[in-house]
There are 2 protein chains.
Amino acid sequence: MNNLFKALSHPVRRRIIAMLRQGPMGSGEIAAAFDMSWPTITGHLNALKDSELVSTEKHGQSVRYRLEISAVEEAMAFLMDLTGTGSRTPEDDK
Amino acid sequence: MNNLFKALSHPVRRRIIAMLRQGPMGSGEIAAAFDMSWPTITGHLNALKDSELVSTEKHGQSVRYRLEISAVEEAMAFLMDLTGTGSRTPEDDK
DNA sequence: ACCCTAATTAGGAAATATCCTAAGTAAAGT
DNA sequence: ACTTTACTTAGGATATTTCCTAATTAGGGT
């Protein structure tokens, strides 16, 4: 939960997940879209993986990154709870 | 937008906004709920104010912090766009 | 005027994040 | 076996965040 919002807190990582909305992409393909070194992007991808916002899948020598909607929904649930009037547990605050 | 997610990225700040769900609170009242110094909590409150997730209102010598639902909704809109299939603009990625 | 209560700002130490270049791994082609 | 392609890990400089204590501001009461 904490890693989730931390992952979302960087503009580059948000842009990456926005890109992945259209479907899985390779690491290099993602890196090419940014004005930063490939290793830096790998670092951001690792952060996204730690947060479970993305998952990976090897396809030969390339690695495809896929957006994990379930994690996005988890973040949304937290925010929804803030706007709604429903009941909540202390669990939500972690 | 960036400040918004950055504000949400710290567990203490998330707990604060969860507390404010039940209504506005004073700075000291909030600080008392944490095992940290009051100035540290003031720092977090300032971060929340910068992100526009909370607003303040002076009431005599005490300051009340209020949750701003509109900012929560802005964050939610970003996430919703990720899960949905609707069209999107580059504006969203900021 | 003086003090108390409520809260913030200042300054600084320690931890974490962000970015780079260089080096390493691993699959695929020749 | 060697090379190329695709990508990650290692190491390190710099920037930012997080937290503390001490000092300050501001309103209210006596």
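Letters A, B, ... are given to chains in the order of the sequence lines, protein chains preceding strands, and every chain is numbered from 1. The figures that follow rest on heavy atoms only: side chains count, while hydrogens, waters and symmetry mates do not.
- Counting non-hydrogen atoms of neighbouring residues, nucleotides and ligands closer than 6.0 angstrom, the CD atom of A:E52 reaches no more than 12 such neighbours.
- Residue B:S62 is classed as a sugar-phosphate contact, given heavy-atom separations below 4.0 Å to backbone atoms only.
- Where A:H59 and B:W38 each meet DNA chain C at their nearest nucleotide, the meeting point lying more 5' is that of B:W38.
- In 5' to 3' order, the nucleotides of DNA chain D bounding all contacts with chain A (an atom under 4.0 Å from a heavy atom) are D:dT5 to D:dT9.
- In this structure, the CG atom of A:L8 is 16 Å from the C1' atom of C:dA17, given to the nearest Å.
- Although no hydrogens or angles enter the test, the distance criterion places a donor-acceptor pair under 3.5 Å between the side chain of B:R21 and the main chain of A:D81.
- In terms of position along DNA chain C, the nucleotide closest to A:A47 lies nearer the 5' end than the nucleotide closest to the other residue of the pair A:A47 and A:G60.
- Among the atoms of the strands shown, base atoms are found under 4.0 Å from some heavy atom of A:S37.
- Using a distance-only test at 3.5 Å, with no hydrogens or angles considered, a donor-acceptor pair links the side chain of B:R13 to the main chain of B:A7.
- For the pair B:H10 and A:N46, nearest-nucleotide mapping onto DNA chain D gives the more 5' position to A:N46.
- A:R14 places no side-chain N or O within donor-acceptor distance of the main-chain N or O of B:F78, the cut-off being under 3.5 Å.
- Checking side-chain atoms of A:R15 against main-chain N and O of A:A33 turns up a donor-acceptor pair under 3.5 Å.
- In this structure, the CE atom of B:M36 is 14 Å from the C1' atom of C:dA14, given to the nearest Å.
- Both A:F34 and A:V63 sit in one connected hydrophobic cluster of ILVMFWY residues. Membership requires side-chain heavy atoms under 4.5 Å apart, directly or through other members.
- Across all strands shown, A:T40 has heavy atoms under 4.0 Å from base atoms, whether or not it also approaches the sugar-phosphate.
- Within 4.0 Å (heavy atoms only), B:R64 reaches no atom of the nucleic acid at all.
- Residue A:K6 is in sugar-phosphate contact alone, with no base atom involved, counting any heavy-atom pair closer than 4.0 Å across all strands shown.
- As rounded to whole Å, 18 Å separates atom P of C:dT5 from atom NZ of B:K58.
- At a threshold of 4.5 Å between side-chain heavy atoms, the hydrophobic network of Ile, Leu, Val, Met, Phe, Trp and Tyr places A:L48 and A:V12 in one connected group.
- Look at CD on A:Q61: it is 12 Å from C1' on C:dT25, rounded to the nearest Å.
- Note on B:G43: nothing from the nucleic acid sits closer than 4.0 angstrom, heavy atoms only.
- Residue B:F34 is classed as having no contact, given no heavy-atom separation below 4.0 Å to the nucleic acid.
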